[in-house]
Amino acid sequence: MTSPSIAAPPVPLLDLHAQYESIRDEVHAALDRVIQSQVFILGPEVEALEREVAAYSGCAWGIGVSSGTDALLVALMALGIGAGDEVITTPYTFFATAGSLVRLGARPVFVDIDPRTYNIDPARIEAAITPRTRAIMPVHLFGQMADMDPIMAIAERHHLAVIEDAAQAIGAEYRGRRAGSIGHLGCFSFFPSKNLGGFGDGGMVTTNDAQLAERVRLLRGHGAKPKYFHRLVGGNFRLDAIQAAVLRVKLAYLDGWTAGRQANAARYRELLAAAAIPLDVPFDAGHGRHIYNQFIVRTTQRDALMAALKEQHIGSEVYYPLPMHLQECFGDLGYRIGDFEYSELAAQQTLAIPVYPELTPAQQERVVEVLRAFFAA
Ligand SMILES: *Cc1c(COP(=O)(O)O)cnc(C)c1O
């Protein structure tokens, strides 16, 4: 079948150029400010970003760190989680969630997802608790928060810590509370493709617990206080001032960009329904603000659909093709194919399509037209 719009321009999965053009002058002024100061690591820009992200997320403290991965690592270190400890988490996530645990000698204990939201299913958590369980690590996947009320209730009942992996969920809400503010610690990523992305790696740990905030701050800088006197064995998990300056400019636009993503998600829902395209669209759990880090569609013909989109120069991506319990590097955990049915099915059937804020209605119509043609064929 020949496409009616073969010469149509490509639609990328994410267009960071478009965002950059809209804030170029402000970003350059902020970068100049840092370069003039010659303060490149931590310092006033990082402190200001920490206050701003904490306030934005409804938290008392924010501690800027070197990446989302390091946010998870240092949060676990602050809780003293290590060898022999178990942490309950989801197998359907980015690698860092489970990887950070294993790096500390702890064991990830996976619990399957709710197949509608792709987030950890709270109803399955209690059965996974053992005397070694120390924490629960829910992930707010794709920009919609996990079902936090039952998770917090279970944690309280069993005296467990809760670490929110909020890398995909800055500004998302659950019953009026923001991602990163409900658990004991929240972990954010400023990887360029996240909703708030820097010009390199960066991350943030948030908390409402003064003691945990102090421990994270210490661990971020080799556990030293004062300099060269080490209370704890930490690491270099510091955030650069250049990243903080860029992120501060962008934070002021984040709500507008989120509104753009939400509008694009709503338009996809309308267009896909109007064209009667047999694709599952994201399930709205109805507990608050979804920030659409990704717009995930689902079909049993996922790989063929992805190839058709690629042929028409439309960006798409599989998040994620192999659940954590089946990763080679976690082989000695002893999990098998079939252990987490819903995660395994999601890994085979889901696909992210472009939803970034600068996506135009014409581009969305083009994406939907290619989807329609695929299912018509
Ligand atoms: C991006 C991401 C991370 C890691 O963040 P980095 O900044 O890339 O280290 C962790 N967890 C989830 C769910 C993510 O999406």
Side-chain angles (χ1 to χ4, degrees), residues 13-14 16 46 49 53 57 62-77 87-104 108 110-111 113 117-120 135-146 148 151 162-172 179-180 183 185-206 216 220 235-240 242-244 246-247 250 261 290-296 317-325 327 329-330 343 346-347 350 352 355-356:
L13 183 62
L14 175 66
L16 287 172
V46 171
L49 179 73
V53 169
S57 302
I63 302 100
V65 295
S66 31
S67 68
T69 300
D70 287 341
L72 293 165
L73 190 68
V74 79
L76 291 164
M77 289 170 77
V87 176
I88 293 172
T89 190
T90 165
Y92 188 56
T93 180
F94 177 62
F95 175 77
T97 315
S100 60
L101 289 165
V102 174
R103 284 172 69 190
L104 293 172
F110 297 117
V111 161
I113 54 171
T117 62
Y118 309 117
N119 284 324
I120 193 168
I136 307 171
M137 214 151 93
V139 180
H140 308 313
L141 205 64
F142 306 136
Q144 178 166 248
M145 287 182 67
M148 291 303 289
I151 292 171
V162 175
I163 303 141
E164 293 175 62
D165 183 339
Q168 300 183 10
I170 189 165
L185 294 150
C187 300
F188 293 91
S189 165
F190 304 129
F191 185 81
S193 69
K194 304 295 161 114
N195 287 32
L196 179 64
F199 284 5
D201 279 311
M204 181 85 61
V205 178
T206 54
V216 171
R220 171 181 68 179
N236 172 5
F237 304 126
R238 298 176 304 231
L239 181 63
D240 290 349
I242 291 271
Q243 300 307 333
V246 171
L247 292 163
K250 289 194 175 191
R261 287 174 181 271
H290 191 325
I291 63 155
Y292 291 100
N293 176 244
Q294 302 295 345
F295 188 90
I296 300 295
E317 185 75 76
V318 174
Y319 298 111
Y320 298 90
L322 188 66
M324 291 307 115
H325 67 287
Q327 295 288 341
C329 66
F330 297 146
S343 297
T350 62
V355 74
Y356 61 90

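Predicted model only: the values in this text are computed from it and were never measured. First listed ligand is number 1; within each ligand, the first listed atom is number 1. The analysis underlying the following values was restricted to heavy atoms, covering all of them including side chains, and did not include hydrogens, waters or symmetry mates.
Within the 4.5 Å cutoff, the side chain of Asp201 has no heavy atoms near those of the Asp70 side chain. Contact check for Asp165 versus Thr90: no side-chain heavy atoms found under the 4.5 Å cut-off.
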Show which side-chain atoms of residues 135-144 pair as donor or acceptor with protein atoms under 3.5 Å away, not counting sequence neighbours.
{"residue": "His140", "atom": "ND1", "partner": "Ala146", "partner atom": "N", "Å": "3.0"}
{"residue": "His140", "atom": "NE2", "partner": "Glu164", "partner atom": "OE1", "Å": "2.7"}
{"residue": "Gln144", "atom": "OE1", "partner": "Ala285", "partner atom": "N", "Å": "3.0"}
{"residue": "Gln144", "atom": "NE2", "partner": "Phe283", "partner atom": "O", "Å": "3.1"}

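Side chain of Thr350 to main chain of Ala347: no donor-acceptor pair is present (N/O by atom type, distance under 3.5 Å, no hydrogens or angles). Lys250 contributes no side-chain N or O that, together with a main-chain N or O of Gly198, makes up a donor-acceptor pair within less than 3.5 Å.
Between Phe95 and Phe330, the gap from one ring centroid to the other is short of 6.0 Å.
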What does the N/O contact table under 3.5 Å look like for ligand 1?
{"residue": "ligand 1", "atom": "5 (O)", "partner": "Ser189", "partner atom": "OG", "Å": "3.2"}
{"residue": "ligand 1", "atom": "7 (O)", "partner": "Gly68", "partner atom": "N", "Å": "2.8"}
{"residue": "ligand 1", "atom": "7 (O)", "partner": "Ser189", "partner atom": "OG", "Å": "2.6"}
{"residue": "ligand 1", "atom": "9 (O)", "partner": "Gly68", "partner atom": "N", "Å": "3.4"}
{"residue": "ligand 1", "atom": "9 (O)", "partner": "Thr69", "partner atom": "N", "Å": "2.8"}
{"residue": "ligand 1", "atom": "9 (O)", "partner": "Thr69", "partner atom": "OG1", "Å": "2.5"}
{"residue": "ligand 1", "atom": "11 (N)", "partner": "Asp165", "partner atom": "OD1", "Å": "3.2"}
{"residue": "ligand 1", "atom": "11 (N)", "partner": "Asp165", "partner atom": "OD2", "Å": "2.8"}
{"residue": "ligand 1", "atom": "15 (O)", "partner": "Gln168", "partner atom": "NE2", "Å": "2.8"}
{"residue": "ligand 1", "atom": "15 (O)", "partner": "Lys194", "partner atom": "NZ", "Å": "2.8"}

